[in-house]
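A short write-up of the structure that comes next.
Numbers here simply count residues along the sequence, with the first being 1. Scope of the values below: all heavy atoms of this structure, side chains included, with no hydrogens, waters or symmetry mates.
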Amino acid sequence: MTKITFVTQDGSRYDIDAANGTTAMENAVKNDVPGIEAECGGACACATCHVYVDQAWMEAVGEPEPMEEDMLDFAYEPQPNSRLSCQIRIRPELDGLVVTVPERQA
Ligand code: FES
């Protein structure tokens, strides 16, 4: 298990024990994190699972693939630390990861 945290716009924190190999999005949905809609179910085709990765975790999370980068153009107010949470694969190196849910999805 890897601990990850979603922070919502009202400052609520959702600390989740995430199974390695799952995606951050799957864990958000399973734990009812508000604001992660994930309309396409993880196919990198909707941009409604958008999150902002905490600066300290940018390197560990890594760069988005070109397909994800294209989809991020459709996200609400994308920033340099934007990622689609369905494309963040949970692994032990991400233990402690913090991401913030945007004000709204696309
Ligand atoms: Fe649709 Fe992530 S769930 S892009």
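- In the hydrophobic clustering of ILVMFWY residues, with side-chain heavy atoms under 4.5 Å counting as a link, Tyr14 and Trp57 come out together.
- Between the side chain of Asp32 and the main chain of Ala28, no donor-acceptor pair closer than 3.5 Å is present.
- A donor-acceptor pair is defined here as one N or O able to donate and one able to accept, closer than 3.5 Å; no such pair exists between the side chain of Thr2 and the backbone of Ile90.
- By the 4.5 Å heavy-atom criterion applied to side chains, Val33 and Ile16 are counted as neighbours.
- At least one side-chain heavy atom of Pro92 sits under 4.5 Å from a side-chain heavy atom of Asn20.
- Residues His50 and Leu72 form a side-chain contact, since some pair of their non-hydrogen atoms from C-beta on lies under 4.5 Å apart.
- Asn81 contributes no side-chain N or O that, together with a main-chain N or O of Tyr52, makes up a donor-acceptor pair within less than 3.5 Å.
- You'll find the side chain of Val53 reaches within 4.5 Å of the side chain of Ile88, heavy atoms only.
- The structure places SG of Cys86 at 7.0 Å from CD of Glu68, a figure rounded to the nearest 0.5 Å.
- Counting heavy atoms from C-beta on, the side chains of Ser85 and Val99 never come closer than 4.5 Å.
- Taking the side chain as every heavy atom from C-beta outward, Met1 and Asp95 never approach each other to under 4.5 Å.
- Judged purely by atom type and a 3.5 angstrom limit, Asp15 has no side-chain atom pairing as donor or acceptor with the backbone of Thr5.
- Taking each heavy atom of Pro78 and Ala75 in turn, the nearest pair found is CD-O, 3.3 Å.
- The shortest side-chain heavy-atom distance between Cys44 and Leu84 falls under the 4.5 Å cut-off.
- Gln105 places no side-chain N or O within donor-acceptor distance of the main-chain N or O of Tyr76, the cut-off being under 3.5 Å.
- Once rounded to the nearest 0.5 Å, the distance linking CD of Glu77 with CZ of Arg104 reads 7.5 Å.
- In this structure, Cys46 SG and Met25 CE are separated by 7.5 Å, a value rounded to the nearest 0.5 Å.
- Side-chain atoms of Arg83 come within 3.5 Å of backbone atoms of Gly62 as a donor-acceptor pair (strictly under, hydrogens ignored).
- Val101 and Ile4 fall within a single hydrophobic cluster, where Ile, Leu, Val, Met, Phe, Trp and Tyr side chains are chained together by heavy-atom contacts under 4.5 Å.
- With Val61 as the partner, the side-chain contact (heavy atoms from CB on, under 4.5 Å) test is satisfied by one option alone out of Asp54, Val51, Leu94: Leu94.
- Taken together through direct or relayed side-chain contacts under 4.5 Å among Ile, Leu, Val, Met, Phe, Trp and Tyr, Leu97 and Val29 form part of one hydrophobic cluster.
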